[in-house]
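Single-structure report; data block below.
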Amino acid sequence: MEIFSFVDDIKRMDKRQAIYQVLNFGMIISTALMIWKGLMVVTGSESPIVVVLSGSMEPAFHRGDLLLLTNYEQEPIRAGDIVVFRIEGRDIPIVHRVLKIHEKDESYVKFLTKGDNNQVDDRGLYSPGQLWLEKKDVIGRARGFLPYIGMVTILMNDYPQLKYFILAVLGFFVLVHREN
Amino acid sequence: MSNIVPTDDTSEKPIKINKWETNALKNALDDACKKYFKETLNFTEDYKLMDGRLYISLIACLFSVFALIYDWFNPFPKSRSTLIICVIAYFILMGILTAYMQFIERGRFYTGKLVDKTGIDPISRCTISSKLKKYDDKYDLTLEYNDGTNKATNSLQNISKSVGNYFDENGVLCYDRFTSDVKKMYLQARMSERKVK
């Protein structure tokens, strides 16, 4: 069958060619990884690109939008900024707008957030006993956005088998295809 | 049509590829050429060029693995300087690899040397490179031959023919037709090397 012609291709590869195929695969993954780490360094945020998961920021952001974040020390957070933060003990970050700020001598800030589409502020979402967020909870501020693209990530997270399947197929094709 | 040579089956089965895929064509012809030099002319392959490429890729991958592990153990803000170094090093290595493949390798896929068993004749070296443009059918094979006696002179021989000469309608490689052309080119190279002296 013609589809399996690559099987002969593999058999014809000598040892060095096979090593190069594996390294090629490694380089593709490394390039993606290095671009991600590079973005982390440039924006100063530990997760420079996030996907909006809920509709709590409509009509500004919808579920499935991609956000670009920055987290520069020199730019203080002000009321009205859209921040992405993580609550201690939970790993899913939240995208909401800053409502109120209390600031003391530039180093200590605490702020309250609320989703545009929510009726009440986020105190119900914070940890029990927590009334304010601090700088250390913030992953970054939203600087740019791409609509709809994040839907792919949402799909992959809802159906993890789909994610593994696609990755396996892609990986397989990269390993087998000789380009020289 | 079938060869009666009793070697292992995969190496004697005629190579069949997708005749419309340029890459597969070039790879099949390159492999056949290497096979001819290795088995029929008894050249031993010199892996320096390929090893260079492998080492550069390996070092690049090691940098990225190191960045990954370091960042895993020291979460982001602490690992910033290490990450910067690793990312910059990685992209510099990528640049080096591209430059290496573009300027140093230049399509050379085989370097071999012929060591005479009796030890009388000096070692002769062959470097073969090939070019097949993306949607073109002209396969250009260049052989650089150096008779061990005079290291400075190299004789270059070249075949430039349509791939249609070597593959039949089903994409099967006609090994014998191809190797007869390669053999002619090789003998020409040896003769012209001797004439120059």
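No hydrogens, no waters, no symmetry mates; every other heavy atom, side chains included, goes into these values. Keep in mind the model is a prediction, meaning the values are calculated, not measured. In what follows, every chain begins at residue 1, and chains take the letters A, B, ... in the order their sequences are listed.
- Under the side-chain hydrogen bond (donor to acceptor under 3.5 Å, both in side chains) criterion, B:Asn74 pairs with B:Tyr70, sequence neighbours left out.
- Under 4.0 Å is where a charged nitrogen must lie from a carboxylate oxygen, and between B:Lys113 and B:Asp46 no such pair does.
- Ring-plane geometry between B:Tyr186 and B:Phe37 is classed as perpendicular, the angle between the planes exceeding 60 degrees on a 0 to 90 degree scale with a lower cut at 30.
- Counting heavy-atom pairs closer than 4.5 Å to chain A, the top-ranked of the candidates B:Val65, B:Ile88, B:Leu97, B:Asp71 is B:Asp71.
- In this structure, no portion of B:Ala24 lies under 4.5 Å from any heavy atom of chain A.
- In this structure, chain B has heavy atoms under 4.5 Å from both the backbone and the side chain of A:Leu23.
- A salt bridge does not link A:Arg16 to B:Glu45: none of the charged side-chain nitrogens sits closer than 4.0 Å to a carboxylate oxygen.
- Contacts of A:Ser45 with chain B are made by backbone atoms alone, with heavy-atom separations under 4.5 Å and no side-chain atom involved.
- Here CD1 of A:Ile35 is found 4.5 Å from CZ of B:Phe91. Values are rounded to the nearest 0.5 Å.
- Options B:Ile84, B:Leu68, B:Asp51 differ in how many heavy-atom pairs under 4.5 Å they form with chain A, and the most are formed by B:Asp51.
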